[in-house]
Amino acid sequence: MVRRTGAGRARRAAAVAVIAAGTMLAAPGTVLAAPGALPPKQPLTADLGTGGKPCASGAERPYVGSVPRLTARLYGPGGGQPGQANGVRGEFEAWWQGEGGAEERVTTTTTTMSDTAPFTWQLPDEIPDGAVVSWRVRAVNDAGASAWSSEGAGAPCEFVYDRTLPDAPVVTSSDYPDDNTWTPGVGVRGTFHVTARAEDVVAFSYSFIGGPLKTVQAGPDGSAEIRFLPENSGPQTLSVQAQDRAGNRGPRTSYTFRIAEGPAPVAQWKLADPAGSRSAAAETGAAARAGAGVTLGAPAPSGTPLTSTASLDGSGHGFLTPDAPVVTDTAKTFAVGGWVRPGRVDGTRTVLSQDAGTARAFTLGLTQAAGGPTWSFSVGGARVTGGLPETGVWAYVLGQYDAETGTARLYVNGRAAGEEVAAVPVAGAGAFQIGRARGAQGYRDRWQGEIGDVRAYDRIVVASEVKGLATRAARRLGHWALDTAPDGLAPEERGGAPLRLGPGASLYRIDDDPCDWLDPDCVQDSPLEMDGDGHLRLDGVSGHAATDAPVIDTSGSFTVSVRVRLTDDEPTKPMTAISQGGEHGDAFKVRYDPENSSWDLVMSHADEPGAPETVLRRIEAPDGNQGIGHRLTVVYDASVKEVSFYVDGVRFAEGGTADFAAAWKSTGGLQLGRGRTADGWGEYLHGAVDSVFAYEGVLSEGDIRQLPWLAAGR
């Protein structure tokens with residue numbers, strides 16, 4: 001029960017002998033002590049709280065947006081020491097100035113509880129908006145009452161009740177104006193100025209579409225700045241709310257702006273100039289002079305727009321330079337990168353650098369670590385390393401310095417390599433170098449191998465752009481529709497190697513097996529795929545189909561996909577749907593494992609009996625010759641040493657991807673319906689197979705989902 005009294009009401013001077021649980025305690029008076037008993041100890045202000053905030057007064061008093069719950073730790077005669085718990089009641093009192101300046105005062109008394117428990121009081125809701133509320137507490141037992149927490153060295157606790165919402169703030173930006181114009185902005189940070197329209201605003205809560213809610217503190221003038229790095233083009237909206245001292249958030253201000261693609265590189269050389277050229281034309285910037293150790297017209301990485309590259313011989317004449325800087329201020333954000341294929345991975349070898357007197361401001365290339373060669377990007381004295389350079393293997397490398405965070409990052413084949421490091425840049429207004437780096441005794445750390453599509457940016461290259469620069473389009477090696485097999489050969493649609501049908505394998509076509517669908521004895525296979533009316537039937541004993549030679553280079557990146565339907569309701573043995581291997585094992589195979597009721601991707605680590613295996617598993621019930629089966633897709637990305645397994649176009653977060661650095665080049669043909677075992681060929685599939693695809697390279701997740709439509713020629 002709570003009692004409220006006005007300022008003009010007389011305070012009771014009579015003592016209260018007993019305070020029943022839950023009853024109201026009157027205005028401060030004297031509690032009579034029983035003979036020989038001891039009253040409680042005075043509460044400490046350090047043990048009091050207002051809505052979770054510590055007791056404070058004056059300029060330090062908290063502001064609250066809702067009527068708070070008061071908390072206190074009270075002490076009996078034993079002072080709350082262990083083994084000396086006492087029952088006490090808490091008497092709370094709060095007051096404020098009401099309308100017309102009259103004081104309003106409320107009190108309450110809790111039930112008797114152990115002094116080891118927290119004592120709380122939820123204040124009444126009628127506290128007026130804007131009121132400065134003071135409160136105090138004391139402990140009471142049958143022997144008497146303690147001193148108030150405000151007496152002696154104590155002081156009343158205070159808070160301000162403020163439920164008035166602040167007005168919506170004002171948002172402006174000269175970098176990204178809200179005026180329907182499109183600003184080149186991907187990778188370019190912009191500043192948004194936020195100004196409060198209320199005096200008590202202490203912070204702003206904000207979010208960008210698709211981003212998390214964040215908070216920025218307001219300055220003394222009630223304003224703040226918000227920095228934003230656009231990672232995608234398109235319309236974007238910044239939503240901001242002002243927040244006052246009480247935690248109240250006002251209405252939102254929505255600020256819409258339009259982001260265009262990021263600015264083009266400040267310098268770019270494709271290095272695809274004709275053989276015999278002595279300079280490299282620039283897409284942006286100045287042409288690059290080529291040393292005598294440079295041969296233009298060298299091979300380019302497949303699956304990229306490049307038609308040729310520059311080959312550097314590693315000698316003192318193997319370099320290209322525009323004889324001018326391309327990163328005009330190395331203290332600001334920049335990025336440099338390109339396609340590279342090392343001819344040697346020993347020592348330290350430079351892809352790109354920029355002179356800084358007799359040193360260099362930054363270098364991108366490869367160096368040696370405890371575990372062998374590694375890609376490297378250095379800015380000033382800081383270096384970030386990661387990834388594994390391989391002789392004769394193409395890689396896309398990019399180094400980036402972010403002046404806002406003061407960190408350097410390295411990307412290899414579209415992914416971050418190593419850990420970003422703090423970097424302090426050095427001034428470097430010297431010439432940009434391709435294939436060498438400046439040292440005290442002249443140029444050094446020369447590159448041997450190919451370099452193509454060199455770019456330099458004066459902004460952040462966001463993750464999606466890095467991935468796009470490093471992407472190599474997959475090249476179709478074969479598609480077998482399995483609709484016909486004249487003379488036992490199922491043709492590849494573009495005239496490639498056919499699949500030769502073995503004993504126990506046959507082509508099934510609905511047109512060749514007509515019957516009345518109203519006849520209950522009519523049994524026909526339903527089509528598995530949309531690219532025809534036929535599929536391959538395998539008997540589970542010896543049935544298979546195979547090419548005479550390997551289709552896929554299993555030591556490099558590849559994608560292979562097949563649709564499979566099992567005939568049995570309860571298979572009793574493992575059955576391989578597709579594989580390609582060597583003399584003793586399979587470089588990869590996809591098989592059904594009846595023990596786990598799962599489709600498994602099995603990657604063998606070597607063409608040796610009993611070699612270790614990496615297995616990715618997806619639980620699936622057997623088909624029992626019903627439905628369209630499952631499309632099973634294997635993707636190996638050699639650039640990042642990673643294998644993925646898709647079932648019906650989905651790569652599952654758990655068990656869908658694994659690191660795999662043990663790829664080897666298989667020598668046998670592509671197999672449907674069987675795989676290598678310790679006893680030779682085995683694991684024959686009892687079921688139907690249709691629409692086989694094989695690609696060199698990594699097919700995108702979107703294309704993997706579209707394979708049924710690709711099969712249909714759509």
Side-chain angles (χ1 to χ4, degrees), residues 186-187 230-234 261-265 268-272 283 299-309 335-342 351-352 364 375 377 386-390 392-400 409-417 449-457 459-477 552-561 633-646 649 651 656-657 659-660 663 693-707 710:
V186 173
E231 296 193 10
N232 299 287
S233 59
E261 296 293 334
Q268 180 183 4
W269 299 269
K270 287 186 177 180
L271 303 182
E283 301 295 306
S302 62
T304 71
L306 292 177
T307 55
S308 64
T309 60
V336 292
W339 281 102
V340 294
R341 182 169 66 170
V351 177
L352 306 172
L364 175 67
W375 296 109
F377 176 56
L388 177 64
E390 296 182 76
V393 177
W394 284 103
Y396 188 85
V397 292
L398 182 139
Q400 187 160 262
R409 299 209 68 168
L410 171 67
Y411 294 86
V412 177
N413 292 319
R415 299 187 181 186
E450 285 72 48
I451 302 177
D453 196 19
V454 170
R455 302 181 184 214
Y457 296 84
R459 62 175 178 88
I460 293 291
V461 182
V462 300
S464 60
E465 292 178 307
V466 177
K467 184 176 181 180
L469 289 169
T471 295
R472 300 175 67 174
R475 180 173 66 90
R476 186 185 290 187
L477 300 174
I552 301 161
D553 179 359
T554 52
S555 65
S557 296
F558 69 86
T559 303
V560 64
S561 183
T633 305
V634 180
V635 177
Y636 175 61
D637 189 342
S639 69
V640 293
K641 312 299 184 188
E642 184 179 87
V643 62
S644 299
F645 185 34
Y646 294 78
R651 179 183 62 174
T657 300
D659 294 332
F660 188 73
F693 287 92
Y695 289 85
E696 176 189 52
V698 175
L699 207 62
S700 71
E701 291 195 4
D703 284 342
I704 289 171
R705 289 191 293 270
Q706 295 295 317
L707 276 174
L710 292 177

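None of these values were measured; they are calculated from a predicted model. For this chain, numbers begin at 1 and follow the sequence in order.
Closest heavy-atom contact between Val186 and Arg459: O-NH1, 3.1 Å. Closest approach of Gly556 and Ala638 over heavy atoms only: C-CB, 3.8 Å. Summarising the geometry of Ala335 relative to Leu398, their closest heavy-atom pair is CB-CD2, 4.3 Å, with the distance given to 0.1 Å. Between Ser308 and Ala300, the closest heavy-atom pair is N-CB, 3.6 Å. Nearest heavy atoms, Thr559 versus Gly697: OG1-O, 2.9 Å. Minimum heavy-atom separation, Arg472 to Trp339: CG-CH2, 3.4 Å.
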Please lay out, stage by stage, how Arg415 and Glu642 fare under the test salt bridge (charged side-chain N to carboxylate O under 4.0 Å, His left out).
CA-CA 12 Å; Arg415 299 187 181 186; Glu642 184 179 87; 3.0 Å; yes
Trp375 vs Val340, test: side-chain contact (heavy atoms from CB on, under 4.5 Å). Steps then yes/no.
CA-CA 11 Å; Trp375 296 109; Val340 294; 3.5 Å; yes
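Distance alone, capped at 3.5 Å, is enough to place a donor-acceptor pair between the Thr309 side chain and the Pro299 backbone. A donor-acceptor pair is defined here as one N or O able to donate and one able to accept, closer than 3.5 Å; no such pair exists between the side chain of Arg476 and the backbone of Phe693.
From Leu469, atom CG reaches atom CG of Asn413 across 12.0 Å, with rounding to the nearest 0.5 Å. Distance check: Phe558 CZ to Glu696 CD gives 12.0 Å after rounding to the nearest 0.5 Å. Put simply, CG on Asn232 and CD on Glu465 are 9.5 Å apart, with the number rounded to the nearest 0.5 Å. If you take CD1 on Ile704 and OH on Tyr695, they are separated by 9.5 Å, rounding to the nearest 0.5 Å. A distance of 8.0 Å separates CZ of Arg455 from NZ of Lys270, quoted to the nearest 0.5 Å. Distance CG/Asp703 to OG1/Thr633: 11.0 Å, rounded to 0.5 Å.
Side chains of Asp453 and Thr304 form no contact here, defined as non-hydrogen atoms less than 4.5 Å apart. The closest side-chain heavy-atom distance from Val461 to Gln400 is below 4.5 Å. By the 4.5 Å heavy-atom criterion applied to side chains, Leu364 and Leu410 are counted as neighbours.
Between Tyr636 and Phe660, the ring-plane angle classifies as perpendicular under the 30° and 60° cut-offs.
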